[in-house]
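Taking it in order: structure first as structure tokens, then the write-up.
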Amino acid sequence: MGEHQVQAGEAVDRHGLNKRDRSLLFWASFLSLMACGLGFAFRAMVPHLWGAEYNVLDAEVGKLFGAGLWPIAIMMILFSLIVDKVGYKASMMCAFVLQAISVVLTFTASTFNAMWWACILAGLGHGIVEAVINPLVASIYREEKTKWLAILHASWPAGVGAGAAIYMTFFSNAETWGGAKIAWVIMLLPVLAYGVMYLMCKRFPVDERVEAKVPYTDMLKELGGLGAFLAISFVGYELYTQMGLFSTGQYTRLLAALGIGAVGGAAFGFAVKSAGRWLFFFLCLLMVPLATAELATDGWIQNLMRPTLGKYAGWALAFSSLIMMVLRFFAGIPLKRMGPLGLLLISSVFSIIGLFALSAATGVLIFVAFVFYAVGQTFYWPAVLGLTSEQYPKGGALTLNTVSAMGLLTVGIFGFPFLGAVQDSCDANAVLEAQPAVVEMVKAAQRTSDEKGQPELIVQEKVLFGVKYPSINANAIMAQPEFPEEGKAPLQEEIKNSGRKTLRVASVLPITMALGFLAMMIWFKAHGGYKPMHLVDDGESA
């Protein structure tokens, strides 16, 4: 159905939405994700203040930050199953209430547990926001899904960049949590704004799957046993971690999660009589390096910028976010020439160049390399969402949000631990090369340090998913009486720059992605070329 005219002569689309309706819905969605980015930036800036305020160790502070992240992916998947029944407006009102309560509770929390619940509510609200706005915008702009999803997701770097800039400008000198928490009053502004805007919306689009009368079971078939296997495995791993199950190690927990995921996936596939789409399964696997390259490397990028920018290194996050925000608004230009897969391949190339350059650049060239890195990150997430919505419209909100949730889950399961292990290994090798005799002496004596709040071996061998790597507490070993005073300054300088080696290793992530996206392009080429799939009223793809 094309556009038709209402009595007032104003053009409306197939859903009865005029230009004002579409604009109001889009910008309300934009503000909702921007509010999430603002909260993420604020939470990333204050962990040290939380530790002092609630008198807890770094591990406990990490739980607070994690509580704002892991519920996002879980809520995205679960809400995708019901969003078409609940409706977009009611769903966003739920998100609004959760985020508003989270902001108020964050500002008033006087105990660690209260702050934990504030972070949990923020994560739950964020998950609902993503579960709604992705299919909503894909439904409004059905002919240009990737372009408008990219513009929509400019709101995330807008929020993160604004949050970083606001905090660095007004709160960077705060020495206590009481001096920094006023920032959350600022976050309340976009939350209230999108809540009011959604209340003003009278008409909402219908998901392409629902409009085409594609059965609910067909949506589940698009996910199939393979998609369910990944979803159950990764969600299970995160829940086991939070509940302290299978606590003998990450490797054991991962095997348990994969085992339960295999059983659950097989049962799901049998129930819906579908293994799922192999290409969708492959795309979900590519989200592991993609999410790590986009999200997990940010911490190391900021550490690398610290020798150059000092206490202003936090501005690196704002700078990167500004680049991403601006470019996402203009995503339609490259998409006209190369489509989402071509854009993903080019982005991977930029990331490879950026990471390699950052691992070697000095002085002003660091900023040039940083621009390449930021450009590489820009289109990953929206292009994957656009690709999924264009190729699997029968999957509706479920496939669209599951692929995003896979990235969010795996960056915590694989991304951060992987880069952390690489950083530990690089630091350990620097200490070993500088003072091998001291290291052997400390290791043989099994000396410990309680620098991190509990006794821990200074020199030890750690394991990440079955792979062993060395770990040395550099500060503790330099504090040993046998460590020569003249050797401390050179070692500190070497460790400060070891982040470069981490970035060099991290470049394997976009290399893997580039090969994966190239393989997908070859597959589409062999099957008639890349063409967006559209649903027609009889439920068939056209």
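Start at 1 with the first residue, then count along the sequence.
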Using only atom types and a distance under 3.5 Å, with no angle test, would you say the side chain of [X] pairs donor to acceptor with the backbone of [Y]?
| X | Y | value |
| --- | --- | --- |
| Lys145 | Gly386 | no |
| Ser23 | Lys19 | no |
| Ser404 | Leu400 | no |
| Tyr88 | Pro205 | no |
| Arg22 | Leu17 | yes |
| Glu144 | Leu149 | no |

**OP:** Test side chain to side chain contact (heavy atoms under 4.5 Å, CB included) on Ile120 and Trp116 and set out the steps.
**Re:** CA-CA 6 Å; Ile120 285 287; Trp116 186 83; 3.7 Å; yes

Could you tell me if the side chain of [Y] sits less than 4.5 Å from the side chain of [X], heavy atoms only?
| X | Y | answer |
| --- | --- | --- |
| Met521 | Lys525 | no |
| Phe280 | Leu226 | no |
| Met45 | Phe171 | no |
| Met219 | Val214 | no |
| Met287 | Val403 | yes |
| Arg203 | Asn18 | yes |
| Thr217 | Val272 | no |
| Leu136 | Met92 | no |

Original post:
What's the verdict on side chain to side chain contact (heavy atoms under 4.5 Å, CB included) for Ile128 and Met93, showing C-alpha distance, side-chain angles and the deciding distance?
Top reply: CA-CA 10 Å; Ile128 296 176; Met93 287 301 99; over 6 Å; no

For residues 150-161, tabulate all N or O donor-acceptor pairs below 3.5 Å that involve a side-chain atom, not counting sequence neighbours.
unit_1, atom_1, unit_2, atom_2, d
His153, NE2, Asn134, OD1, 2.8
Ser155, OG, Leu152, O, 2.5

**OP:** Please report the shortest heavy-atom distance between Leu223 and Thr399, naming the atom on each side.
**Re:** N-CG2, 4.3 Å

Using the test ring-ring contact (aromatic ring centres under 6.0 Å, His included), find all partners of [X] that sit at least two apart in sequence or belong to another chain.
| X | answer |
| --- | --- |
| Trp381 | none |
| Phe96 | none |
| Phe517 | none |
| Phe418 | none |

Exceeds 12 heavy-atom contacts within 6.0 angstrom, atom [atom1] of [X]:
| X | atom1 | result |
| --- | --- | --- |
| Tyr216 | OH | yes |
| Phe270 | CZ | no |
| Phe268 | CZ | yes |
| Trp523 | CH2 | yes |
| Trp177 | CH2 | yes |

Any residue meeting side chain to side chain donor-acceptor pair (under 3.5 Å) with [X], in chain and number order, not counting sequence neighbours:
| X | result |
| --- | --- |
| Thr388 | none |
| Tyr392 | none |
| Trp70 | Gln242 |

Nearest 0.5 angstrom please: [X] [atom1] to [Y] [atom2], how far?
| X | Y | atom1 | atom2 | value |
| --- | --- | --- | --- | --- |
| His534 | Glu390 | NE2 | CD | 7.5 Å |
| Met200 | Asp21 | CE | CG | 10.5 Å |
| Leu358 | Ile353 | CG | CD1 | 12.0 Å |

Original post:
Any salt bridge (charged side-chain N to carboxylate O under 4.0 Å, His left out) pairs touching residues 222-239, not counting sequence neighbours?
Top reply: Glu222-Arg277

Original post:
For residues 89-109, which residue pairs qualify under side-chain hydrogen bond (donor to acceptor under 3.5 Å, both in side chains), counting only residues two or more places apart or in two chains?
Top reply: Gln99-Tyr194

Subject >> side-chain hydrogen bond (donor to acceptor under 3.5 Å, both in side chains) contacts touching residues 75-86 (sequence neighbours left out) >> reply: Ser80-Asn401, Asp84-Arg209

Anything under 3.5 Å between a donor and an acceptor, one on a side chain of residues 31-38, the other on a protein residue two or more places apart or in another chain? List them.
unit_1, atom_1, unit_2, atom_2, d
Ser32, OG, Ser29, O, 2.6

**OP:** Check step by step if side chain to side chain contact (heavy atoms under 4.5 Å, CB included) holds for Cys284 and Phe234.
**Re:** CA-CA 11 Å; Cys284 285; Phe234 295 147; over 6 Å; no

Subject >> Whether Phe26 and Trp148 hold their rings parallel, tilted or perpendicular, with breakpoints at 30° and 60° >> reply: perpendicular

**OP:** Describe, in one word, how the ring planes of Tyr198 and Phe204 are oriented to each other, choosing from parallel (under 30°), tilted (30 to 60°) and perpendicular (over 60°).
**Re:** parallel

**OP:** List the steps and the verdict of side chain to side chain contact (heavy atoms under 4.5 Å, CB included) for Arg43 and Trp184.
**Re:** CA-CA 10 Å; Arg43 287 192 297 276; Trp184 266 258; 3.8 Å; yes

